[in-house]
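Residue numbering restarts at 1 for every chain, and letters A, B, ... go by the order of the sequence lines.
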Amino acid sequence: MIDNNDELKSLWSTAATAPAPDMSRLLHTAENVRLKARNKMIWGNLLLIATSVFIAWIWIRYQPQMLTTKIGIVMVIASMVIYIIASTSSLQFLFRSEPDMDAASYLAQLLRLKQKQEYLQKTIMTAYYILLSAGMALYMIEYATMLGRRYGLIAYAVTFGWIALAWFYIRPRTARKQLRPLNEAIEQLEEVNRQLRD
Amino acid sequence: MEDFKEIYEQYWSRVYRLCMGYLNDPAHAQDVAQETFVTVWEKLPQFRGESAIGTWIFRIASNQCLRQIARDKRMPRSAMPTEVEEKTEAAPEGKIAYLYKAISELPETDRIIISLELEGLPQAEIAVVVGISEGNVRVKIHRIKDKLTQKFKQYDRQ
């Protein structure tokens, strides 16, 4: 029968614990994890540079004449840059938390960070789609006029059909998938934050 | 390095028990305890002694537990590769298992508070770890213990 404090305490203190892992191995592995994260970031940046070089090459190789084509290229690059920045961990520094503050402040901070992440994710995704669609539409003007009216119209119909599919079908689906775990975490954090206010 | 070694040896079991109280899952508790000590290792040079070292370590450990809420559930739980994970202690049994289970069914912050209390931290120190007043800690501990005692009455009847 457990009906007082001391019994709970003595029960607690008799609980067996897992043996402590070897310290140097623990620290060594932690270091490796950190290096891996850094390498991932370096690869992300290389990919970014490669994309820009590729577009610059297209620009030089095909010498677009119209301003719309050039603006289109810049917008498409911008959308890719945004995508790469968001999908690699380049923005992690925005979401770093202080691990040694008191639990109440820590929880409040976690909640703020998750809300910021949600906002950023939504904004980035919208910006990505708008830049990519508008960029492609502008880029195509020069080449569509060369195709003549009929084929030009077909080319635009296909492109806009694709953009509409991406905007109205793919985008909301991706958003739901990405935002669901985030929303769940936010809800739970709000609830846990409330626990300390009672 | 020597400082850390001492801390590691002195606090491993205590941090592990806190994690078990919070999570009631030996493998997950071990992961979170390891992450706590990696953070302690990284932050130790910046520790200015504004609180007792134990209070500081328990703050980090509590926050590591609470951080599990915000973890992306689709991601692998731990960044620690399995090679670090030594053989985990077999799952606890009997009354201790029941105690861990009962605690892990409490609201998140209550789990932290009662685990620290059972670990023997003074209530003033628990207040500093959790960030609420000492009076509030006292009231909460009283309520939590009532709940646990009720649960153990059910256990005795089983």
Verify same cluster id: Met125(A), Trp162(A) (apolar side-chain graph, 4.5 Å): yes
Ionic contact status for Glu42(B) with Arg34(A), cut-off 4.0 Å: yes
Contacting moiety of Leu66(B), where chain A heavy atoms sit under 4.5 Å: both
Which of Val129(B), Ile141(B), Ile132(B) touches chain A most, by non-hydrogen pairs under 4.5 Å: Val129(B)
Closest heavy-atom pair and its distance - Gln34(B), Pro21(A): NE2-CG, 3.1 Å
Heavy-atom closest contact (Tyr100(B) atom, Ala15(A) atom, distance): OH-CB, 3.3 Å
Lys122(A) atom NZ: more than 12 heavy-atom contacts under 6.0 Å: no
Side-chain donor/acceptor of Trp12(A) to backbone N/O of Glu117(B), under 3.5 Å: no
Side chain to side chain contact (heavy atoms under 4.5 Å, CB included) partner of Asp100(A), the single match among Ile60(B), Thr39(B), Val40(B), Ile57(B): Ile60(B)
Top contributor to chain A contacts, counting heavy-atom pairs under 4.5 Å, from Gln150(B), Glu9(B), Glu108(B), Arg14(B): Glu108(B)
Check against side-chain contact (heavy atoms from CB on, under 4.5 Å), Tyr106(A) and Arg67(B): CA-CA 9 Å; Tyr106(A) 185 78; Arg67(B) 203 164 76 100; 2.8 Å; yes
Asp102(A) side chain vs Val128(B) backbone, donor-acceptor pair below 3.5 Å: no
Leu189(A) versus chain B, the contacting section by heavy-atom distance below 4.5 Å: both
Residues Lys43(B) and Glu98(A) bridged, charged N to O under 4.0 Å: yes
Same apolar cluster (I L V M F W Y, side chains within < 4.5 Å links), Leu18(B)/Trp41(B): yes
Separation of Met23(A) CE from Ile7(B) CD1 (nearest 0.5 Å): 10.5 Å
Straight-line distance of Thr149(B) OG1 to Glu7(A) CD, nearest 0.5 Å: 9.5 Å
Pairing of Glu119(B) and Lys9(A) as salt bridge, 4.0 angstrom limit: no
Contact class of Ile103(B) relative to chain A, heavy atoms under 4.5 angstrom: side chain
Contacting moiety of Thr36(B), where chain A heavy atoms sit under 4.5 Å: neither
Winner by heavy-atom pair count (cut-off under 4.5 Å) against chain A, out of Pro107(B), Ser62(B), Gly120(B): Pro107(B)
Minimum heavy-atom distance Gly131(B)-Ala104(A), with the two atoms named: O-CB, 3.8 Å
Atom CZ of Phe47(B): over 12 foreign heavy atoms under 6.0 Å: yes
Considering all heavy atoms, the nearest Ala103(A)-Asn63(B) contact: CA-OD1, 3.4 Å
Atom pair CZ/OG of Arg59(B) and Ser105(A) - distance to nearest 0.5 Å: 7.5 Å
Nearest-0.5 Å distance that lies between atom OH in Tyr8(B) and atom CG in Leu27(A): 8.0 Å
For the student: nearest non-hydrogen atoms of Pro19(A) and Gln30(B), plus distance: O-NE2, 4.3 Å
Donor-acceptor contact present, side-chain Gln195(A) to main-chain Thr109(B), <3.5 Å: yes
Tyr151(A) atom OH, neighbour heavy-atom count above 12 within 6.0 Å: no
Criterion side-chain contact (heavy atoms from CB on, under 4.5 Å) on Phe152(B) and Leu8(A), from CA distance to verdict: CA-CA 10 Å; Phe152(B) 267 99; Leu8(A) 277 178; 4.0 Å; yes
Co-membership, hydrophobic cluster, residues Phe168(A) and Ile130(A), 4.5 Å side-chain: yes
Nearest-0.5 Å distance, CD1 of residue Ile69(B) to CG of residue Leu107(A): 6.0 Å
hydrophobic_cluster_shared for Ile163(A) and Met140(A), side chain cutoff 4.5 Å: yes
Interatomic distance, Leu196(A) atom CG to Asn136(B) atom CG [nearest 0.5 angstrom]: 8.0 Å
hydrophobic_cluster_shared for Ile53(B) and Phe4(B), side chain cutoff 4.5 Å: yes
